[in-house]
> 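Can you keep this structure in mind? I'll have questions shortly.
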2 protein chains.
Amino acid sequence: MQEAVQDILKKNQLSITGSRVKILELFLEQQGALAHGDIERRTGEKFDRVTVYRTLQVFLNKGIIHSIPTSDNSVLYALCKDDCGEGHHHDNHVHFVCDACGTTMCLDDVTVPAIRLPKGFKFNQIQVVVNGRCKDCN
Amino acid sequence: MQEAVQDILKKNQLSITGSRVKILELFLEQQGALAHGDIERRTGEKFDRVTVYRTLQVFLNKGIIHSIPTSDNSVLYALCKDDCGEGHHHDNHVHFVCDACGTTMCLDDVTVPAIRLPKGFKFNQIQVVVNGRCKDCN
DNA sequence: TAAACAGATGCAACTTTGTTGCAAAATAAT
DNA sequence: ATTATTTTGCAACAAAGTTGCATCTGTTTA
């Protein structure tokens with residue numbers, strides 16, 4: 001775990017600091033996505049609010065995490081796969097929100113189907129968010 | 001236009017007030033989706049911020065408008081089709097965000113494709129947001 | 001390993017966004 | 001026209017997010 005975290009930070013040319021390590025660990029420990037609030041709570045309020053914001057911003061820019069649009073318009077973040085990097089995300093997978101337990105997760109194996117757009121439209125990225133019941137809540 | 005607006009309000013048993021009429025007009029005039037901020041600006045600051053919030057909330061509850069999840073996690077609203085009502089939305093269409101002009105719109109004719117979920121998952125609602133270039137920005 | 005540098009953090013202050021209670025005003029009903 | 005019901009605007013507040021700056025920590029180099 002420690003190694004994985006340091007690896008990711010080094011690979012992205014980020015200095016290894018307490019907040020970055022702790023927040024990355026949270027993402028690695030956790031299957032699902034995390035809201036800003038989750039992170040503040042789970043770090044035991046060890047870090048300043050501003051630091052958490054800035055750390056997430058850095059991770060976003062570097063392509064370590066990506067943000068997930070939700071139907072209730074809260075902001076969620078989740079780890080990216082290996083092939084994401086600065087400037088190019090490849091998170092063309094489906095996001096799933098469980099209505100029962102509230103967990104949001106990436107279904108990495110479910111690829112986004114092709115969508116037939118009207119004439120004149122060109123697509124760049126497709127985001128899919130599915131609501132329902134996850135395998136633990138059925 | 002005036003009639004259409006009054007029709008919609010009456011059909012939903014809402015009293016006809018200045019702010020409701022004005023805000024509904026904005027949605028009817030406009031193809032795309034509106035952010036809360038857009039509405040405040042476009043009404044010429046005629047109404048209190050709180051009124052705009054409450055009006056949108058009422059429209060949401062009545063199924064007159066629906067909210068759209070965006071990748072930058074801002075809140076957008078768009079008109080529902082006729083078959084939406086209190087408690088039951090039928091907005092299973094694709095939302096499109098133009099990277100060039102920033103407009104967000106509903107592609108009512110593009111239906112959301114079926115998605116094959118992993119074992120144990122059951123879906124309830126599927127939201128699709130496509131980024132790219134709209135027909136006017138190509 | 002110590003000094004110097006660059007970058008990250010915490011604090012304070014601030015802006016923006018959204019919410020709540022209540023009195024005044026507007027709408028609908030009689 | 002009068003009454004009852006909603007809706008509105010105001011004020012105050014809470015939550016979310018941002019910015020500048022001084023201080024501290026991690027990294028680099030000699």
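Here is the naming used below: chain letters follow the sequence lines, and residue numbers restart at 1 for every chain.
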> Which residue lies toward the 5' end of DNA chain C, B:Val75 or A:Thr51, if each is placed at its nearest nucleotide?
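Its nucleotide being nearer the 5' end, the pick is A:Thr51.
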> Does the C:dG18 base have a donor-acceptor partner in the side chain of B:Arg54 within less than 3.5 Å?
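In this structure, the two groups form no donor-acceptor pair.
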> Which is it for A:Tyr53 and A:Asp48 under the side chain to side chain contact (heavy atoms under 4.5 Å, CB included) test, yes or no, and what are the steps along the way?
CA-CA 9 Å; A:Tyr53 279 113; A:Asp48 194 82; over 6 Å; no
> Shoot me the first and last contacting nucleotide of DNA chain D against chain A, ordered 5' to 3', at under 4.0 angstrom to non-hydrogen atoms.
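The contact span of chain A on DNA chain D goes from D:dA16 to D:dT27.
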> Atom CG of B:Asp48 to atom C1' of C:dA23: distance rounded to whole Å?
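Taking atom C1' of C:dA23 as the reference, CG of B:Asp48 is at 14 Å.
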> Are B:Val110 and B:His93 close enough, and set up right, to give a side chain to side chain contact (heavy atoms under 4.5 Å, CB included), and what steps lead you there?
CA-CA 6 Å; B:Val110 183; B:His93 54 267; over 6 Å; no
> Answer yes if B:Val97 and A:Val112 sit in the same cluster of Ile, Leu, Val, Met, Phe, Trp and Tyr residues linked by side chain heavy atoms under 4.5 Å apart, and no otherwise.
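No: no chain of side-chain contacts under 4.5 Å links B:Val97 to A:Val112.
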> When you check the gap from the basic side-chain N to the acidic O, do A:Lys10 and A:Asp7 get nearer than 4.0 Å?
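Not counted as a salt bridge, because no side-chain N and carboxylate O are separated by less than 4.0 Å.
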> Only distances under 3.5 Å count here; give the side-chain donor-acceptor pairs of residues 14-27 of chain B to other protein atoms, sequence neighbours excluded, each with its distance to 0.1 Å.
{"from": "B:Ser15", "atom 1": "OG", "to": "B:Arg20", "atom 2": "NH1", "distance (Å)": "3.3"}
{"from": "B:Arg20", "atom 1": "NH1", "to": "B:Ser15", "atom 2": "O", "distance (Å)": "3.1"}

> If I take atom CG in residue A:Leu9 and atom P in nucleotide C:dA8, what distance separates them, rounded to the nearest angstrom?
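Taking CG of A:Leu9 and P of C:dA8, I get 11 Å after rounding.
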> I want to confirm an ordering. Mapping B:Gln57 and A:Lys46 to their closest nucleotides on DNA chain C, which one lands closer to the 5' end?
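Result of the comparison: A:Lys46.
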> In whole angstrom, what separates A:Tyr53's OH from C:dT15's P?
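Taking OH of A:Tyr53 and P of C:dT15, I get 17 Å after rounding.
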> Rounded to the nearest angstrom, tell me the gap between atom CD in A:Gln13 and atom P in C:dA6.
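Checked: the CD to P distance equals 17 Å.
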> Rounded off to whole Å, could you give me the NE2-to-P distance for the A:His36 and C:dT16 pair?
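It is 19 Å, rounded to the nearest whole Å.
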> Expected output is a numbered-order residue list: members of residues 16-26 of chain B with a heavy atom under 4.0 Å from any atom of DNA chain D. What is it?
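Nucleic-acid contacts, sorted: B:Thr17, B:Ser19, B:Arg20.
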> How far does NZ of A:Lys122 sit from SG of B:Cys134, to the nearest 0.5 angstrom?
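Here the interatomic distance stands at 11.5 Å.
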> Check this for me: does the side-chain of B:Arg49 come within 3.5 Å of the base of C:dG18 through a donor and an acceptor?
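Such a pair exists between side chain and base.
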> Taking all non-hydrogen atoms of both residues into account, name the closest pair between A:Ile68 and A:Ala33 and its distance.
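Closest approach of A:Ile68 to A:Ala33, heavy atoms only: CD1-CB, 3.7 Å.
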> Rounded off to whole Å, could you give me the CD1-to-C1' distance for the B:Ile39 and C:dT17 pair?
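Answer to the nearest Å: 14 Å.
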> What's the CZ-P distance between A:Phe47 and C:dG10, to the nearest Å?
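Checked: the CZ to P distance equals 7 Å.
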> Does A:Val94 belong to the same Ile/Leu/Val/Met/Phe/Trp/Tyr cluster as B:Phe121, with side-chain heavy atoms less than 4.5 Å apart forming each link?
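Result: yes, single cluster for both.
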> Look only at the side chain of B:Asn12 and the backbone of B:Ile8, and say whether a donor-acceptor pair between them is shorter than 3.5 Å.
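Confirmed, B:Asn12 side chain pairs with B:Ile8 backbone.
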